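Written below as C-alpha cells is the structure these notes are about.
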There are 2 protein chains.
Amino acid sequence: MNLIDKMHRDMAQFSKSERKVAAVILHDPKAAIHKSIAVLAKLANVSEPTVNRFCRRLDTKGYPDFKLLLAQSLAKGTPFVNRHVEQSDSTAEFASKIFESTMAALNITRKHIDLNALEQAIDALSQAPKISFFGFGASASVAHDAQNKFLRFDTPVFFSDDLLMQRMTVTNARKGDVVVCISHTGRTKALCEIAGIARQTQATVLGITAADSPLARECNIVLSTQVPEDTDVYMPMASRIAQLVLIDVLITGYTLRSGPDFRDRLRLVKESLRDSRFSREDAPQNPTDSD
Amino acid sequence: MNLIDKMHRDMAQFSKSERKVAAVILHDPKAAIHKSIAVLAKLANVSEPTVNRFCRRLDTKGYPDFKLLLAQSLAKGTPFVNRHVEQSDSTAEFASKIFESTMAALNITRKHIDLNALEQAIDALSQAPKISFFGFGASASVAHDAQNKFLRFDTPVFFSDDLLMQRMTVTNARKGDVVVCISHTGRTKALCEIAGIARQTQATVLGITAADSPLARECNIVLSTQVPEDTDVYMPMASRIAQLVLIDVLITGYTLRSGPDFRDRLRLVKESLRDSRFSREDAPQNPTDSD
DNA sequence: GCGTTTTTGTAATTTAATTACATTTATTGG
DNA sequence: CCAATAAATGTAATTAAATTACAAAAACGC
C-alpha cells in the first residue's frame with residue numbers, strides 16, 4: 001500500500017512527536033526523500049530515534065528503507081490525475097492536462113468496471129439476432145462508432161440519430177435483441193423513453209451510462225462510466241472516451257466469443273479495403289488498418 | 001530519464017568494473033535497492049568506491065541517491081504497456097489489456113505531440129471563416145465527433161460522409177478556411193485527393209494522421225498520432241482514441257483562444273439543453289453535461 | 001500524589017558511505 | 001618492446017548516517 005496514504009490513515013494513532021514527523025514529510029514528500037534522519041528530526045523538532053521509530057511504526061525496516069518506499073510511493077502514486085485547464089495555461093500545459101485527465105478517467109473506469117455486467121453484456125450481444133445503438137448529442141457519435149464496429153460482423157446492426165427512426169426500430173425489437181443506450185448523464189429524457197419502450201419488447205437493454213441514473217434504472221445491464229463529474233470542463237471529453245473504450249472492450253469480447261471462424265471473416269472484410277488506399281512504401285500491407 | 005534505460009544505454013561507455021556493477025544491478029534491480037554498497041560491491045567483485053563511482057557516473061549524488069532514483073524508476077517504469085489480447089484471455093484480462101493499451105497509446109501521443117504544429121493548428125482554427133472535417137471508415141466518426149464539438153461555436157462547420165458532398169465542399173474552400181483530414185494510416189486515396197483539392201484552394205489543410213504518410217505530405221500542418229502499428233489487433237481502437245483526444249486538445253485551445261465572451265455563449269448553448277433531460281435528484285444541475 | 005506505563009531524548013555504538021591516496025592496469029609515442 | 005603517462009581500481013582512513021541501549025520526562029490510572 002501507498003506509504004503516503006498509510007500515513008494519512010494512521011495519523012490518529014500516531015503519538016504527538018510522530019505526528020510532527022508525519023506533518024513535515026507530508027508537507028513536502030518529494031523533498032523529504034533527500035533529507036537525512038538528522039535534518040528531518042531537526043525540522044520536526046524531535047530527536048533522531050523518534051524519526052526512526054516513526055519509520056518502524058509504518059512497517060519499514062528503518063529510515064533508509066522508509067525513504068525508499070516513500071520514493072516509490074511518489075513515483076507510482078496517482079500516475080494520472082484530473083487537472084483543470086486554466087485560461088492562463090500554455091499550449092503545452094493544457095494539452096498535457098487533457099491527455100492526463102483522459103488517462104485518469106480511463107484508469108478509474110477500468111478499476112470500477114463491473115465484470116459481471118460486462119460478461120452478461122458480451123453474452124447478450126453474442127447471441128443477439130439484432131443489435132441497435134442509441135445516444136444523443138456527444139453520445140450519438142459514440143453510438144455511431146459502435147455501429148461501425150459491429151457492422152463488420154453479419155449480425156444486423158442499427159443506428160440512427162433520428163428520433164422517429166429510433167422509436168420505430170426499438171418498437172420492433174424482439175426478445176434476445178440487444179438495445180444499447182449510451183448517455184454520460186443518464187438523464188436524457190428521450191433516451192430513457194427509448195429504453196422504456198425497449199424493455200417492454202423484452203429485448204435486452206444495455207446501458208452505458210452513469211450508475212443509479214434514471215436511464216440506468218430502465219436497463220437490464222448497466223456498464224457504468226464512473227468519470228468524476230468535474231472532468232469535463234467545457235464539454236464531455238473524458239467521459240465519452242471512456243464510453244468508446246468500453247465499446248472496444250465489448251466488441252473484443254464479442255469477437256473472441258465468436259471464435260476463429262468469425263475472425264477469419266473479419267480479416268476478409270479488412271482485406272476488401274485494400275484497393276481503396278495507397279500501398280505502404282516501406283512495409284507489407286497491414287490488413288488490420290481500416291481508415 | 002529512467003535510470004535503468006540509462007544504464008542500458010551507457011553500457012558501452014562503462015569501464016570493465018562498472019559493467020560488472022551494472023550487470024549485477026540489472027540482473028535484479030528490485031533486489032539491488034535493498035543492498036548496501038558493501039554487499040553490492042562483493043557481488044560484483046569490485047571495491048566499494050567503484051560502486052560509488054559508478055553511481056556518480058550516472059549523475060547521481062552517491063550510492064543512497066542512486067538507490068532512491070532506481071527505486072523510483074522501478075515504481076514508475078512503463079505504467080501502461082500495449083499488451084495483446086489472446087484468445088484464452090478471461091474477460092477481466094482482455095478488458096484490462098484494452099484499457100491499458102489505450103492509455104499507453106495516449107501516453108505516447110502526448111509525449112510525441114508537436115507543440116509547434118499544435119499551436120499553428122489552433123491559430124488556424126481560431127481565425128478560420130469555415131472549418132470542415134473529413135475522414136473515412138472509423139475516422140469518419142472521429143470527424144463527425146469533431147463537427148459536433150465545433151458546432152457549439154458560431155463558425156460554420158461542415159462534415160459529411162458522402163464523397164460527392166465532400167468534394168463539393170472542399171472545392172469551395174477559401175483562403176483561411178481550415179480543412180481537417182483525419183486518417184490513421186494516412187494512405188486512404190479518397191482522403192488524399194480531398195486534401196489535394198483543398199491545398200489548391202489555398203485553404204489550410206490540417207492532417208491528423210501518421211507522420212510521413214501520403215496524406216501528411218498533402219497537408220500544411222500535421223498532428224501525428226504515433227500509435228504503435230500493432231496496437232490495433234482487430235480494428236483501429238487506440239489510434240482512434242488518440243485522434244479524438246487530439247480533437248479535444250484542439251477545441252480546448254480554440255475555446256481558450258476565443259476568450260471569455262465565447263465561453264459564455266458556450267454555457268448558454270449548454271443551458272439550452274436543460275429541458276431535454278431529467279433533473280438531478282441529489283445535486284444542482286450541471287450545465288457542462290451535454291448528452 | 002504515587003507507582004506504572006508510555007513516550008521521548010541523550011549518548012554510545014554500529015554500520016554505511018565517502019574521500020584521499022596508493023597501486024595496478026591499460027595506452028601511447030619513441 | 002619499453003618507458004612514460006593516463007586511466008582504472010583497490011586499500012585504508014575518515015566522515016557521516018543510522019541504530020541501539022538506556023535514562024529522563026511525560027502521561028495515565030488508581
Side-chain angles (χ1 to χ4, degrees), chain A residues 3 6-74, chain B residues 3 6-74:
Chain A
L3 252 189
K6 215 171 183 175
M7 282 165 73
H8 276 122
R9 192 195 56 186
D10 298 353
M11 193 62 97
Q13 294 158 46
F14 290 154
S15 75
K16 215 190 301 174
S17 303
E18 283 168 341
R19 256 195 292 277
K20 283 199 271 182
V21 178
V24 171
I25 294 168
L26 290 174
H27 173 256
D28 190 355
K30 220 169 182 172
I33 58 173
H34 294 294
K35 291 188 173 81
S36 78
I37 196 167
V39 173
L40 191 61
K42 192 165 257 177
L43 278 171
N45 266 310
V46 297
S47 68
E48 298 183 24
T50 299
V51 176
N52 198 282
R53 281 188 283 262
F54 171 79
C55 297
R56 295 238 162 91
R57 181 158 294 227
L58 286 151
D59 300 313
T60 64
K61 284 200 94 186
Y63 185 68
D65 188 46
F66 171 84
K67 284 211 293 189
L68 233 51
L69 290 209
L70 184 63
Q72 290 191 312
S73 302
L74 284 175
Chain B
L3 251 190
K6 215 171 184 174
M7 281 165 74
H8 276 122
R9 191 195 58 187
D10 297 352
M11 192 62 96
Q13 295 159 46
F14 289 155
S15 74
K16 215 190 300 173
S17 303
E18 283 169 340
R19 256 195 292 277
K20 284 199 271 181
V21 177
V24 172
I25 293 167
L26 289 174
H27 173 256
D28 190 356
K30 219 168 181 173
I33 58 173
H34 294 294
K35 291 189 173 81
S36 78
I37 196 168
V39 173
L40 191 61
K42 190 164 259 178
L43 278 171
N45 266 309
V46 298
S47 68
E48 299 182 23
T50 300
V51 176
N52 197 280
R53 281 186 282 260
F54 170 80
C55 298
R56 294 238 163 91
R57 181 159 293 229
L58 285 152
D59 300 314
T60 64
K61 283 202 96 189
Y63 185 69
D65 188 46
F66 171 84
K67 285 211 293 188
L68 232 52
L69 290 209
L70 184 63
Q72 289 191 312
S73 301
L74 284 174

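Quick caveat, the model's predicted, so the values are computed rather than measured. Order of the sequence lines sets the chain letters (A, B, ...), proteins ahead of strands, with each chain counted from 1.
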From [atom1] ([X]) to [atom2] ([Y]), nearest 0.5 Å:
{"X": "B/I33", "Y": "B/S73", "atom1": "CD1", "atom2": "OG", "answer": "10.0 Å"}
{"X": "B/L70", "Y": "B/Y63", "atom1": "CG", "atom2": "OH", "answer": "9.0 Å"}
{"X": "A/Q72", "Y": "A/K67", "atom1": "CD", "atom2": "NZ", "answer": "14.0 Å"}
{"X": "B/M7", "Y": "B/L58", "atom1": "CE", "atom2": "CG", "answer": "6.5 Å"}

In whole angstrom, what separates [X]'s [atom1] from [N]'s [atom2]?
{"X": "A/R56", "N": "C/dT7", "atom1": "CZ", "atom2": "P", "value": "16 Å"}
{"X": "B/K20", "N": "C/dT25", "atom1": "NZ", "atom2": "P", "value": "12 Å"}
{"X": "A/D65", "N": "C/dT15", "atom1": "CG", "atom2": "C1'", "value": "15 Å"}
{"X": "B/F66", "N": "C/dT18", "atom1": "CZ", "atom2": "C1'", "value": "16 Å"}
{"X": "B/Y63", "N": "C/dA17", "atom1": "OH", "atom2": "C1'", "value": "10 Å"}

Handout entry: Non-hydrogen atoms of A/K61 and A/D65 that approach each other most closely
Key = N-OD2, 2.8 Å
Handout entry: B/K30 to B/H34 - nearest heavy-atom pair and separation
Key =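 Heavy atoms of B/K30 and B/H34 come nearest at O-CD2, 3.7 Å.
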Practice task
Go through DNA chain D in 5' to 3' direction and return only the first and the last nucleotide with some atom under 4.0 Å of chain A's heavy atoms.
Solution key: D/dA18 to D/dA27
Practice task
Using heavy atoms and a sub-4.0 Å distance, could you list which residues of residues 36-46 of chain A are near DNA chain D? By number, please.
Solution key: A/S36, A/I37
Atom pairs and distances, donor-acceptor, side-chain atoms in residues 42-52 of chain A, under 3.5 Å, two or more places apart:
residue, atom, partner, partner atom, Å
A/S47, OG, A/T50, OG1, 3.0
A/N52, OD1, A/R56, NH1, 3.2

Could you go through nucleotides 3-6 of chain C and list every protein N or O atom that sits under 3.5 Å from one of its N or O atoms, giving the distance for each pair?
none

Practice task
Test side chain to side chain contact (heavy atoms under 4.5 Å, CB included) on B/K6 and B/D59 and set out the steps.
Solution key: CA-CA 10 Å; B/K6 215 171 184 174; B/D59 300 314; 3.7 Å; yes
Problem - All ring pair (Phe, Tyr, Trp, His ring centres under 6.0 Å) counterparts of A/F66, not counting sequence neighbours - result: A/F54
Exercise for the section: Would you mind telling me which residue lines up with the more 5' stretch of DNA chain C, B/P49 or A/R57, judged by nearest nucleotide? Expected result: A/R57
Enumerate all atom pairs, one protein N or O and one N or O from nucleotides 21-24 of chain C, separated by less than 3.5 Å.
none

Handout entry: Side-chain N,O (B/K61) to OP1/OP2 (C/dA17) below 4.0 Å
Key = no
Problem - Any A/T50 side-chain nitrogen or oxygen under 4.0 Å from OP1 or OP2 of C/dT7 - result: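 No, no such contact exists.
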Problem - Test: A/R53 and A/E18 ion pair at under 4.0 Å - result: no
